[in-house]
Amino acid sequence: MENICKSFPGVKALDGVELELHAGEVLALLGENGAGKSTLLKILSGAYKRDAGDIYIDGQKADIRSPNDAYGAGIRIIYQELTYIEDLTVAENIFLGNLFFTKLGFVDWKRMNREAKAVLERIGLDIDATRTMGSLSVMEKQLVEVAKAVSKNMRILVMDEPTSSLNEREVEGLARIIRDVAGKGIGIIFISHRLEELFMVADRVTVLRDGRHIATKPMGEVTRDELVSMMAGRETRELYVKKQYLTAKQIEERPVVFEALGVSGSRIRDITLRVHAGEITGVYGLLGSGREEMAETFFGIHRYTSGSLKMNGREIQVTCPRDAIANGIAYVPAERKSESLVLTQTVRENTSLASLAELAGRWGVMRKSREKEISRKWMKRLDIRTPDEEAVIEGLSGGNQQKVVLGRWMERGPRLMLLNDPTRGVDVGAKSEIYRIIEELCQTDTAIVMISSDMEELLALSDRIIAMSEGRICGEVSHEELNRQKLMGLVVGGSNAENKEK
Amino acid sequence: MLKIKKNEKLKVSTEAALFFVLIAVLFAFSLLSEYFLSFGNFMKICLYSSQMGILAGGMTLVLLSGGIDVSVGSTMAFAGITAAKVMEAGGPWYLAVLAGIALGGLCGLINAVIITRGRVTAFITTLGTMTIYRGLAQICSDGKTILISDEIFKAMGRKYLFRVIPIPAVLMILTFVIFQVVLKYTKFGRQVYAVGGNEKASFLAGIQVTGTHTAIYTIEGFCAGLAGILLAAQSGAGIPSAAGDINMEAISAVILGGVSLSGGKGKIGGTVLGVLILACLNNGLNLLAVSAFYQEVIRGLVLILAVWFDMMKERKE
């Protein structure tokens with residue numbers, strides 16, 4: 001792939017990226033969240049259209065415009081979220097879409113099971129093809145997906161974080177099979193955040209950062225630390241810098257607003273966290289690290305099975321968002337359209353969504369003039385660009401929509417504000433405006449916990465950052481000692497430490 | 001046809017278009033039948049559409065919240081039987097009315113509990129309770145029609161208020177007015193739209209989603225109870241097999257009125273127009289002596305056309 005460019009409204013996701021894959025090699029593709037890995041893959045698989053650049057396969061220019069083109073060119077992709085059908089057998093899953101039929105038009109089970117067995121054996125798998133997919137372990141499912149991909153004229157196999165839910169022994173098994181498949185002359189692109197296993201499986205590594213190609217090197221010539229610093233980068237963009245950060249000591253001196261003491265749930269383990277008034281606590285972690293689940297547990301979306309939550313020193317019971325809101329907690333979810341907004345309603349209605357009870361007068365009749373007033377107040381204070389408060393929110397830009405959501409919560413004057421990727425899908429201009437709003441919120445002594453997959457954002461806003469991995473808090477850094485390498489090392493190191501424990 | 005400001009076109013044009021359709025229907029039948037266009041006939045239209053209209057009023061809330069309730073016809077029959085039973089046992093007419101309406105509310109509440117607590121989809125739940133309530137109505141009445149002799153009770157379904165407007169029509173209009181006020185001006189109305197528009201966002205904003213759903217189905221149950229009372233009063237009997245396809249008619253009227261099946265979008269005004277259009281069609285076709293079988297085909301076609309038209313319009317935008 002040469003000089004691949006792709007822009008989304010407001011973001012340049014890929015900027016002249018190149019990638020070279022040899023037959024029979026395993027290439028690791030590395031980069032933090034948002035570096036452009038998935039976008040690059042989606043272009044290779046035909047799911048996205050590239051703005052510029054060319055793709056060559058076996059020296060021939062390949063014109064990939066749709067998933068069908070990619071398939072025809074011999075490209076197979078195994079996504080992190082596996083796409084199989086639980087209730088069908090392994091054989092059916094392998095040949096889904098081109099089942100074998102007898103002359104009478106019935107499914108030819110004998111032939112299908114036989115062929116499936118052959119396919120599985122080709123990658124050295126010993127799985128009964130007549131078992132249902134649902135009865136297999138995650139690792140086996142993963143391997144069936146590989147088998148499925150191998151079954152037809154494959155040239156390139158892409159595996160997107162295939163090991164994220166496997167344990168160390170299974171990873172070794174998978175690595176062996178991947179090497180086998182590569183040995184048959186197939187080029188494999190392997191994505192993983194666990195650096196250790198890359199050394200086990202990959203021949204070369206390509207690092208992306210901020211949509212740019214940083215380096216491509218043989219695995220033998222780089223060290224783990226070099227990879228971390230390549231991923232993290234050195235220079236920081238001056239998107240926004242806070243006026244004044246709190247030092248560790250200053251944070252300690254402030255009153256504690258919110259406390260989580262040894263909180264565990266289905267996806268988080270033993271979380272202890274104190275958030276102080278007017279402090280921004282950043283939360284860094286890779287996908288699946290439990291960062292989202294932690295915030296969702298504080299907000300009552302998930303139940304916690306042990307531990308306790310305290311607000312201003314008093315223990316609180318949170319079993320649903322309503323409880324959390326009543327205790328002064330606010331939550332801005334990452335998925336704006338599906339979790340924050342009622343798209344069919346107006347700016348006014350969306351602003352007052354969390355304050356309906358406060359805005360209702362006698363007989364439950366809404367005080368519309370008061371509602372209008374509030375809506376206008378936030379439109380003005382947060383500079384929400386909309387024709388008027390009666391405009392349907394669907395028509396607003398992502399940034400303005402997010403400001404409405406922020407206004408909705410600020411109206412309640414929360415004591416703890418949980419932000420989950422508050423600038424996802426927001427253009428650069430609106431980003432810095434949202435940063436300004438978050439900082440203003442801090443001035444009112446609201447405690448803020450901000451999860452973000454954007455490291456720049458965390459570095460620019462946080463007074464301290466906690467790192468999460470595998471559902472635990474695995475480190476904490478105050479602003480004075482903050483830098484990207486350190487953070488990246490923490491989360492990657494964290495998961496490695498976990499692996500060693502096992 | 002109509003030039004409307006851009007950001008309002010969706011809301012306004014659905015109702016405007018419906019109004020135009022209604023006028024067209026009225027006009028066509030006035031030409032075809034000399035009896036059609038008269039005050040007396042219009043009151044008759046209102047009388048015969050009142051049960052369906054009352055159901056459609058509650059059904060608007062149900063569809064707005066993203067749900068559906070196909071059990072209302074059976075609930076009506078069950079409520080009618082209950083009222084007839086009360087009077088058969090010597091109870092006064094007002095007790096019979098209360099019992100019928102209360103039973104309707106109970107049926108709705110049961111639907112709500114299964115849907116919200118049991119997490120069974122609304123369609124399946126009400127499909128099940130549709131046969132259950134029908135069966136219970138048959139069991140209570142031994143499968144037989146129970147005649148009603150109480151004149152005051154029967155008058156509710158037949159008599160005209162001030163000799164001008166049929167009592168059932170008054171109740172229907174009252175229902176529409178109440179729902180209009182509730183949906184437009186109250187906190188509950190806002191919850192209905194919010195839950196239907198985005199249930200998850202509503203939940204995360206602290207809205208009592210379960211409570212809202214429960215209230216909606218219970219209200220629709222009350223509506224079905226009331227409609228059942230009117231049906232029993234009109235026919236002078238509790239009939240266990242009555243009101244067979246009125247649930248579908250009510251749902252048709254609401255959808256025809258522009259309420260989105262996926263929830264969150266629509267107004268009572270649209271439902272009123274939907275009910276009127278269907279009622280005028282029924283009445284007009286009857287006056288023209290079109291066979292009932294053809295009428296059913298026509299009603300089905302009108303519904304499909306209306307929804308198709310609405311979808312095409314939205315897609316263009």
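First the proteins, then the strands, lettered A, B, ... as listed; each starts at 1.
Across all non-hydrogen atoms, the minimal contact from A194(B) to L353(A) is CB-CD1, 3.6 Å. Of all non-hydrogen atoms in P333(A) and L204(B), the two that sit nearest each other are CG-CD1, 3.8 Å. Considering every non-hydrogen atom in both A357(A) and K187(B), the closest pair reads CA-CE, 3.7 Å.
Proximity to chain A is absent for every atom of E199(B), based on heavy atoms less than 4.5 angstrom apart. Using a 4.5 Å cut-off between heavy atoms, Q345(A) contacts chain B through its side chain alone, with no backbone atom that close. For a residue to count as touching a neighbouring chain, one of its non-hydrogen atoms must lie under 4.5 Å from one of that chain's; by this rule E296(A) does not touch chain B.
For K337(A), the NZ atom sits in a loose shell: 12 or fewer heavy atoms of surrounding residues, nucleotides or ligands are nearer than 6.0 Å.
When each of S338(A), S340(A), G361(A) is checked for heavy-atom pairs under 4.5 Å with chain B, S338(A) comes out on top. Among the candidates G197(B), A201(B), G196(B), the residue making the largest number of heavy-atom pairs closer than 4.5 Å to chain A is A201(B). The candidate from A360(A), P321(A), C320(A) with the greatest count of non-hydrogen atom pairs under 4.5 Å with chain B is P321(A). By number of non-hydrogen pairs under 4.5 angstrom with chain B, the leading residue of R408(A), R367(A), M366(A) is M366(A).
Distance CD1/I301(A) to NZ/K200(B): 6.5 Å, rounded to 0.5 Å.
Distance alone, capped at 3.5 Å, places no donor-acceptor pair between the N198(B) side chain and the T344(A) backbone.
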